[in-house]
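Since the structure comes first, as structure tokens, the remarks are kept for the end.
These values consider heavy atoms only, across backbone and side chains, with no hydrogens, waters or symmetry-generated copies.
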Amino acid sequence: MRRSREIRLAARPMGLPDRQAFATACVDLPCPAPGEVQIRNRWLSIDPAIRGRMFAAKSYIPPFEVGDVITGPAIGEIVESNDPSFIIGDMVLSDAGWREYANLPASDVEKLPSMDLPPQAFLGIAGITGLTSYAGLMRVAELKYGDVVFVSAASGAVGSTACLIAKMLGHKVIASAGGPEKTAFLRDELGVDVAIDYHAESNMRKALAIAAPEGIDVYFDNVGGPFLEAAIGCANDHARFAICGMIAGYNLTEPMAAPRNMTLIPVKRIGMKGFILFDHLDLMPAYREKLAEWHGEGRLTWRETVIEGLDNAPQAFVDLFSGGNIGKMLVHLP
Ligand code: NDP
């Protein structure tokens with residue numbers, strides 16, 4: 001028997017969630033049953049998508065019920081194995097979520113690939129976060145030679161990888177994020193051409209038009225609302241928009257006010273496609289191959305915001321909505 005603490009959904013929040021939406025519980029885990037492994041979590045992925053699962057509504061992934069553990073990507077270590085495919089000490093990726101220990105079927109657990117990267121990178125740039133950026137640019141937006149690319153929430157996990165990939169492929173990249181520390185990261189570490197601090201701009205449309213006088217061809221949307229409106233306003237004919245997320249709307253209790261210029265979509269023949277990474281998992285081998293090549297060339301760069309301790313996972317999650325992270329938001333369990 002092993003005692004394990006876990007974070008559960010305590011109540012469905014209205015608007016911006018706070019820590020009261022979560023509760024900590026203790027459970028006693030038995031030894032893993034045949035075909036199961038026991039994992040001790042080391043790194044938890046903190047994702048805006050959790051917000052969507054706090055609503056009761058049906059979506060691309062089932063909602064949490066009140067009382068459920070907050071499940072989601074996590075990296076951990078096998079501490080007990082009742083399955084021949086894993087031994088104690090194996091580092092694995094699972095969907096165990098916000099808990100210290102979990103017993104899971106071995107079939108739901110994946111050994112970390114043998115790439116020379118720290119384990120938590122497989123929640124970020126080398127995991128489904130990075131794949132989201134790659135799939136959004138390459139398959140959804142069909143990035144092509146000479147495209148001018150605009151990325152919003154660009155200093156976050158998905159946005160920063162999208163900027164990096166687009167820059168490594170030789171594109172002009174305009175990136176927006178909140179605050180001077182984030183724009184410095186975008187310019188100095190990722191090499192974007194123009195970084196817009198939207199906190200300092202009263203008019204995103206104007207700021208984007210100045211950054212891209214030639215117009216934009218691809219928009220990687222993480223935010224929606226006024227950012228999508230600005231992108232529509234500055235789009236060239238036949239621009240392609242990969243709609244990855246709309247974080248500006250996740251906590252609204254009223255419908256989003258923007259974009260107000262949707263009539264420009266047919267006028268400019270803008271192709272706008274929403275996507276969910278789960279439809280693009282087949283790209284993972286190609287993405288990891290490319291990543292290994294870029295890593296070998298010393299071109300990979302990424303940031304993480306690491307918060308210590310399971311008890312701080314709810315706050316780390318809430319902080320995503322006020323820009324509390326640069327790069328991937330992670331919780332580390334000692
Ligand atoms: P991030 O690391 O980007 O963290 C969220 C960031 O969003 C914050 O740091 C903040 O940065 C910005 N933000 C928060 N609220 C607002 C707001 N109201 N207006 C403008 N910016 C805001 O998270 P992820 O990289 O994990 O996710 C980015 C987006 O991608 C989200 O929309 C998410 O839902 C989506 N996503 C979609 C997937 C898919 O399969 N389609 C998969 C994974 C993520 P700042 O300080 O710059 O405001």
Side-chain angles (χ1 to χ4, degrees), residues 15-18 48 51 133 136 141 147-160 162-163 166-167 171-237 239-268 270 272 274 303 305 318-327 329:
L16 183 66
D18 59 18
R51 182 65 186 95
S133 318
D147 280 339
V148 174
V149 179
F150 171 44
V151 182
S152 57
S155 69
V158 171
S160 60
C163 290
K167 276 316 299 174
H171 294 269
K172 173 172 177 180
V173 176
I174 295 123
S176 66
E181 188 189 353
K182 292 186 174 188
T183 49
F185 160 62
L186 291 167
R187 259 191 323 267
D188 304 342
E189 293 181 38
L190 300 183
V192 308
D193 299 273
V194 187
I196 300 172
D197 173 3
Y198 76 90
H199 288 171
E201 295 292 342
S202 55
N203 186 328
M204 259 310 288
R205 162 85 170 81
K206 236 189 214 162
L208 186 56
I210 292 168
E214 68 278 65
I216 62 163
D217 304 297
V218 164
Y219 175 42
F220 194 108
D221 190 15
N222 290 311
V223 177
F227 294 77
L228 180 53
E229 182 171 307
I232 293 171
C234 294
N236 289 328
D237 287 352
R240 285 96 60 216
F241 286 16
I243 310 294
C244 176
M246 294 199 173
I247 198 166
Y250 295 174
N251 296 308
L252 294 182
T253 49
E254 296 293 321
M256 259 200 223
R260 296 161 297 178
N261 54 355
M262 301 270 273
T263 52
L264 288 177
I265 294 173
V267 172
K268 297 184 175 192
I270 296 170
M272 203 177 279
R303 287 269 203 113
T305 298
V318 171
D319 288 349
L320 286 176
F321 301 102
S322 54
N325 60 309
I326 297 188
M329 182 70 105

I'd like to know if the side chain of Lys182 reaches the main chain of Ser176, judged simply by a donor and an acceptor atom lying under 3.5 Å from each other, with no hydrogens or angles considered.
no
Rounded at 0.5 Å granularity, tell me how far NE2 in His171 sits from CG in Asp193.
11.0 Å
Between Lys268 and Ala239 (side chain of the first, backbone of the second, donor and acceptor by atom type, cut-off under 3.5 Å), is there such a pair?
no
For the pair Lys172 (side chain) and Val194 (backbone), establish whether a donor and an acceptor sit closer than 3.5 Å, ignoring hydrogens and angles.
no
On a heavy-atom basis, the closest approach of Asp221 and Ser152 is OD1-OG, 3.5 Å
Measure the spacing between CD of Glu201 and CG of Leu208 and express it to the nearest 0.5 Å.
10.0 Å
If you compare all heavy atoms of Leu264 against all heavy atoms of Gly233, which two are closest, and at what distance to 0.1 Å?
CD1-CA, 4.3 Å
Within the distance-only criterion (no hydrogens, no angle test), does the side chain of Asp217 pair as donor or acceptor with the backbone N or O of Val148 below 3.5 angstrom?
yes
Does any non-hydrogen side-chain atom of Leu190 lie less than 4.5 Å from one of Lys167?
no
Please check: side-chain N/O of Thr183 versus main-chain N/O of Ile196, any donor-acceptor pairing under 3.5 Å?
no
Looking at every non-hydrogen atom in both residues, tell me the closest pair between Asp197 and Gly179 and how far apart they are.
OD1-N, 2.8 Å
Side-chain donor or acceptor of Thr305 paired with backbone N/O of Met329 under 3.5 Å:
no
Apply side chain to side chain contact (heavy atoms under 4.5 Å, CB included) to Asn222 and Ile247, showing your working.
CA-CA 6 Å; Asn222 290 311; Ile247 198 166; 5.7 Å; no
Would Leu320 and Arg51 count as a side chain to side chain contact (heavy atoms under 4.5 Å, CB included) if you check the C-alpha gap in whole Å, the side-chain angles of each, and the deciding distance to 0.1 Å?
CA-CA 10 Å; Leu320 286 176; Arg51 182 65 186 95; over 6 Å; no
Of all the heavy-atom pairs spanning Cys234 and Ala209, show the shortest one and how long it is.
SG-N, 3.6 Å
Write down the atom of Phe227, the atom of Met204, and the distance for their closest heavy-atom approach.
CD2-CE, 3.9 Å
What distance do Glu189 atom CD and Ser155 atom OG have between them, rounded to the nearest 0.5 Å?
11.0 Å
Hey, what do you get for CG (Asp147) to CG (Asn236), rounding to the nearest 0.5 Å?
9.5 Å
Sidechain N-carboxylate O distance under 4.0 Å for Glu229, Arg260:
yes
Step by step, would you call Leu228 with Met256 a side chain to side chain contact (heavy atoms under 4.5 Å, CB included)?
CA-CA 11 Å; Leu228 180 53; Met256 259 200 223; over 6 Å; no
With under 30° as parallel and over 60° as perpendicular, where do the rings of Tyr219 and Phe150 fit, or are they tilted in between?
parallel
Does any part of the side chain of Arg205, heavy atoms only, come nearer than 4.5 Å to the side chain of Asn261, both counted from C-beta?
no
Heavy-atom closest pair (Leu186 atom, Ala154 atom, distance to 0.1 Å) is CD2-O, 3.4 Å
